[in-house]
Amino acid sequence: MTLESQLPALQIVLPLFGALLCALLRSGSLAWLVALVVSLAMPVISALLLMQVQDGGFISYELGGWAPPWGIEYRIDVVGAYLVMLVSVIGALIMPYARASVAKEIDADKQAWFYTMYLLCLAGLLGIAITGDAFNIFVFMEISSLSTYVLIALGKDRRALLSAYQYLIMGTIGATFYVIGVGLLYAATGTLNLVELTARIAEIGPTRPVLAALAFLVVGISLKLALFPLHVWLPNAYTYSPSVVSAFLAATATKVAVYLYLRFLFSVFGVTVVFEGLPVPEIMLVLSIAAMFGASIVAVFQDDIKRMLAYSSVGQIGYITLGIGLANKMGLTGGVVHLINHAMMKGALFMAIGAVVYRIGSSKLDDLAGIGRKMPATTIVFALAGLSIIGTPGTVGFVSKWYLALGALDKGWWWLVFLLVASSLISMVYIGRVIEVVWFRPLRHTGPEVRDVPVSMLAPMAILAAATVYFGLDTSLTAGIARRAVDILLAGAP
Amino acid sequence: MSEDVSIFAVMLLPVAGAFLIALFHRQPNIREAVTLMTAGALALIVLSLVPEIYAGARPAADGFTILPGMEIAFRVEPLGMLFAMVASSLWVVNSIYSIGYMRGNNEHRQTMFYVCFAIAIAATMGVAFSANLITLFLFYEILTLSTYPLVTHKATEEAVRGGRIYLTILLGTSMVLFLPAIIWTYVLSGTMDFTPGGILAGKVGAPVAAVLLGLFVFGIGKAALMPFHFWLPAAMVAPTPVSALLHAVAVVKAGVFTVAKVVIYIFGPGFLSDTGAGEWLVFVAAFSLIAASLIAMTKDNLKARLAYSTVSQLAYVVLGASFANTMGLIGGGMQIAMHAAGKITLFFCAGAIYVATRKTEISDMAGIGRTMPVTMFAFLVGSLSIIGLPPLGGTWAKWFIAAGAIDAGQLFVIAVLIVSALLNIAYLLPIVVRGYMLPPPGMTRDAPVRIREAPFACVLALSVTALACVVLFFLAGAIEDLLAGAVSQTEPLRAGGG
C-alpha cells in the first residue's frame, strides 16, 4: 500500500491529528507551528489529488477497507478536488497571517484552543468535499460547524458570544434539516452512498419522500451557505469573530456549502428532477437577485467594514446561486468559477481589514479615516480586491460576470444581464466609499504604530490580491477547471 | 524595430516610465527627465509605425487569451494610428507644460501625478491599438481608473466630489450599457474583433441594431454625449495639465474614437446607412452639440466653459460617425486631431493664467492680454481653430462633416453647424477681446503694464500647440489620406458581408 493511495485519508487525518496535538501542546506558538505545518501540507496533498482527477476521472477510497456501500467511501472527482484545493490553499495562506493577528486579538491562554478549533474546522470542510457518503457529510458538517461556533466566540467583542450563539441556533437548524433530508433518502432508497443514491433515485423517480428529502436538503444547505433570506446569522458572525476567522470563513465555509448544493442538485437528484419538474430555478433566481441587490444595498449603509464585507458576501453568494439557477453550461461555469474567484477577493478584503484591526484595533469606517496614506500596501490590496468585487475587466470578478451574462443570454434573458451589471454598480458604491474615507479624510489614528503590517501578514493578502488580477487575465486554470467540473455536473442532463 | 515589438513597446514604455518615475521620487529633476524621455521615445515609436499604415499594412500583435473567444490582441489601423499620434505627441508638449505648471504652483504629491499620468497614456495607447472590443474595454476601464487619482489630486472636498461623479458616470455607463452591448454583440456575431466592414451585417435587423448602437454610444461615457456629459465638467477640478491632455485629448478622444471605431468596424458604415439604424444618432448628436455650446455661454469659470465647449466639440465626432459615410467619418476622425490641438492650447492658456495670476473666472480676466500677450494670442489661435476658421486646422474637420451631412441628405445639419460656429464665436472670442481691449481692473486705459507671463515651460508648450493648429491646416490632406485607408477599406468588403 503506497502513500499515494492514502492521500484522501491523509487530507482529513492530518488536520484531525494536528488538532489533537495542538490541544495537548497548550502553547500558542507551538500550536501555531503545528497548524502551519499541517496547513502547508494540505495544498500539496490536494494538488496531487487534483492532478489525478482533472481529466474527468475519480478516486474511490474505501475507508477502513470496507467496500461501499457498506463502508464509507471517499470519492473525489474534479468538482470535489477543486473545492479541496480551494479550501487548502486559503488555509495555507491564512496560517502565516494568523500568527500576528491571533496574538493581538486572542488571549494567550486561548491561542492553542484557537488553532485546535481552526484545524478541526479545516478537517471538517475538507471532509465534506472529499467524502462520498451522505451521512458522513453530516458528520464533517457538524465538526466544521461546532468548531466554527467556538472560533467565532473567541472574538474580542462581547457580542461575539451572542453571534456565535445565533449561528449555533441557525446552524443547528440547518444541520437538522440536512439530516432529516438524508434520513428520508435513506428510507426511500436504503443507501447513504452518494453514487448509489444517484442510481436509485434515477430508478424510483420523483416520489414524495424523495421530493420531501430534496426540500429538507435544500433548505438545510441554504442556511449553511447563507442564501438570502437565510443569511441572518452571517453578518454578525463575520463582524465579531477574530479577523483571521472572518477571512477564513468568508473564503471557505460558504463555498463548501455551495459544493453540497452542486453535489445534491446536479449529481444526486439530477437536473431532470430538480430543474425540470420543480420550480427550483425560479426560486433560485428570485432569491439570488434579491441577494445581489438587497444585501448589496444593505452593505452600502454599514459603518463597520467587516459587517459591510459580510453583507457583500451575501450578495456575492447570490451570483453563485444565480449560476446554479441558470443551470446551463455557461451560467453554471460562471457560478462555479465565482466560487473560487469570490474566495480570492473576499479573502484578500477580510485580510486587509484584519490588518487594519491589527494596527488600530477597530474596523469602523470612521476610524479608518486617512489610514490609506499610513498603510499604502494594505490599501492597494483592498482596492485591487475591491475592483474585483465590482467586476472591472482584468480582474476575476469580470470573468465570473462574463460567464453568468452568457448563461443568461443563452436563455434569452437579456434583462438578467442588465440586473447583473446594475448590481455591480452597488458594489462600486460601497467599495468606493471606503477608498474615499481611507484616502481623502484627515487621519484619525496617528502615532508611530499605524503603518503597514509585517510581511507575514502582508504577503498572504498580497498574493490573494495579485491572484485576483492574474486569474482575471489568465483563466485557463480557474475557468478551465470550472468548465470540466460543469461538464461532470451536467453530465446527468438529457 | 519589428512591428509587434513596436506595438508592445508603445504600451509598455509608459508603464516602465511610471516605475522609473516612482523610483526617482526623491529627485524631481531626474523624475521629470524620465517623464520627458519616455514621452519623447513613445512619440518616436508611434511615428515609426506611420509609414507602414500609409503603405496599407495593418501591423498586429497577439497578447494572450483570457478565455476561449476572449483575447487580448492589438492591430494598428488608420484611425487608431491617428489617435495614438495625437495623444503621444501632445504628451511630450504636455509634459513640458506640466513641469512648469506643477512647479509654478508648488503642487503636492507630484510623483503620484506623473505616475498616474504615464499609466493613463499607456491605457490610451492600448485603446488606440486594440484589435477587438474586449481589449478596448479593458484599456478603457484602466484609463478611467488611472485618471481618478488625477481628478482628485487636490484632495479637497470639491475634488473628492468631482472624482465621485467622474467614476460613477464613467464606470457606471461602461458597465451598465457598454459591457452588455459587447456581450450582446459577441452572442449575436460570435466574435468581438474589429473587422473592416463590420461584423453585425446580416446578423440583426434595423430595430435591434438601433438599440445596440444606443447601448454603445451612451455606454461609452467618455464620448460625453448628453445626458452623460456631467463627468467632464466635474473632472475640471483636476490640475490643468490633466484637463488639457486627458480631458481635452486622451480620455474624451478615447470615447469618440471608440464610437467611431464601433461604427466602422463593428456595425460597418454600409450596414448602418443601409438600415438607417444610426439616423436617430444624428439628432442626438446635433442636440448635444448645440445644447453644450449654450451651456458654455453661461459659465464664468474658464475651465468650465472650455469643458462644455469640449462636450459640444465631441458631438461633432459622433455626428460625423452617425452619417456612416466616407466624408462624415473622415471629418469625425479629423476632428479628433484638430480639436485636440485647439483645445489643449486653450487649456494650456487657462492654466498659464492661473499660474501667473491665480485667476479662474472669466469676469476677472479683463486686460489679461496686456500682461500676458503671448498666452492670449495663443488663446486666440486656439479659439479660431475651434470655431473653424482658416488657416487653422479646425476648418477642415467641419468642412468634411458638412460634406458628410450633405452626402447623408441631412441638410438641417448644415444649419446646426452654422449656428454652432456662431455660438463658438460668442463664447470664446469675448474672452480674447476683453483681454486685449479692456484695461486691467483698477487701471486706466493708457496706463503702462508690466508683462508677467507664466513660467517659460508653460509659454513654450502653449506656443507649440498654437503653432500646431496652423500646421495642421496644411497637413489635412495627409490626414485625409490616412483616414481614407480606414473608411474606404470598409466599402468593398461590405459587399461580401464582412
Side-chain angles (χ1 to χ4, degrees), chain A residues 330 333-334 337 370 373 376 383-384 386-387 390-399 401-410 412 414-429 431-433 435-437 439-442 471-480 482-483, chain B residues 63-72 109 112 123 126 133-142 144-145 148-149 152-161 163-188 192 208 211-212 215 219:
Chain A
M330 285 298 171
T333 308
V337 81
R373 298 188 186 283
L384 276 181
L387 284 176
I390 299 169
T392 43
T395 62
V396 288
F398 181 72
V399 176
K401 235 167 32 182
W402 179 265
Y403 273 114
L404 287 174
L406 288 185
L409 282 178
D410 249 14
W414 53 269
W415 49 269
L416 190 56
V417 178
F418 285 99
L419 289 183
L420 209 57
V421 290
S423 70
S424 53
L425 274 193
I426 307 173
S427 52
M428 186 175 92
V429 175
I431 296 291
R433 184 168 152 259
I435 298 293
E436 264 186 19
V437 168
W439 199 252
F440 294 111
R441 288 248 194 101
F471 290 115
L473 293 172
D474 177 9
T475 62
S476 51
L477 187 65
T478 50
R483 275 194 298 273
Chain B
F64 49 90
T65 306
I66 295 183
L67 39 100
M70 191 193 280
E71 275 164 40
I72 298 300
R109 293 187 203 128
M112 174 97 170
L133 277 172
I134 207 73
T135 310
L136 191 148
F137 188 62
L138 172 69
F139 285 102
Y140 181 98
E141 298 292 48
I142 294 176
T144 306
L145 294 170
Y148 171 75
T152 54
H153 179 84
K154 287 192 178 132
T156 56
E157 193 82 15
E158 191 196 358
V160 174
R161 196 171 337 113
R164 200 180 300 155
I165 297 173
Y166 186 75
L167 265 197
T168 314
I169 295 199
L170 288 187
L171 275 187
T173 51
S174 71
M175 287 200 301
V176 176
L177 303 172
F178 192 12
L179 179 58
I182 294 174
I183 298 174
W184 200 357
T185 306
Y186 176 61
V187 170
L188 284 172
M192 288 185 277
V208 174
V211 173
L212 196 52
L215 287 180

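These figures come from a predicted structure and were not determined experimentally. The chains referred to below are lettered A, B, ... by the order of the sequence lines, with proteins before strands, and numbering in each begins at 1.
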By a 4.5 Å heavy-atom criterion (distance strictly below it), what part of Arg433(A) contacts chain B: side chain, backbone, both, or neither?
neither

Most chain B-contacting option - heavy-atom pairs closer than 4.5 Å, from Leu387(A), Leu406(A), Leu473(A):
Leu473(A)

Chain B heavy atoms under 4.5 Å from Tyr403(A): which part of the residue, side chain, backbone, both or neither?
side chain

Under 4.5 Å from a heavy atom of chain A, the part of Thr152(B) involved:
both

Residue part contacting chain A, namely of Val187(B), when any heavy atom lies under 4.5 Å
side chain

With a 4.5 angstrom heavy-atom cut-off, which part of Trp414(A) approaches chain B: side chain, backbone, both or neither?
neither

Let me know if Thr156(B) has heavy atoms under 4.5 Å from chain A in its side chain, its backbone, both or neither.
neither

Do you know which of Lys401(A), Arg441(A), Arg483(A) has the most heavy-atom pairs under 4.5 Å to chain B?
Arg483(A)

Ring-ring centroid check Trp402(A) Tyr186(B), cutoff 6.0 Å
yes

At a 4.5 Å cut-off on heavy atoms, which part of Phe137(B) comes close to chain A: side chain, backbone, both, or neither?
both

Applying a strict 4.5 Å limit to non-hydrogen atoms, the region of Leu67(B) in contact with chain A is both

Do the non-hydrogen side-chain atoms of Leu215(B) and Phe418(A) ever get within less than 4.5 Å of each other?
yes

Heavy-atom distance under 4.5 Å between the side chains of Phe398(A) and Glu141(B), does that happen here?
no

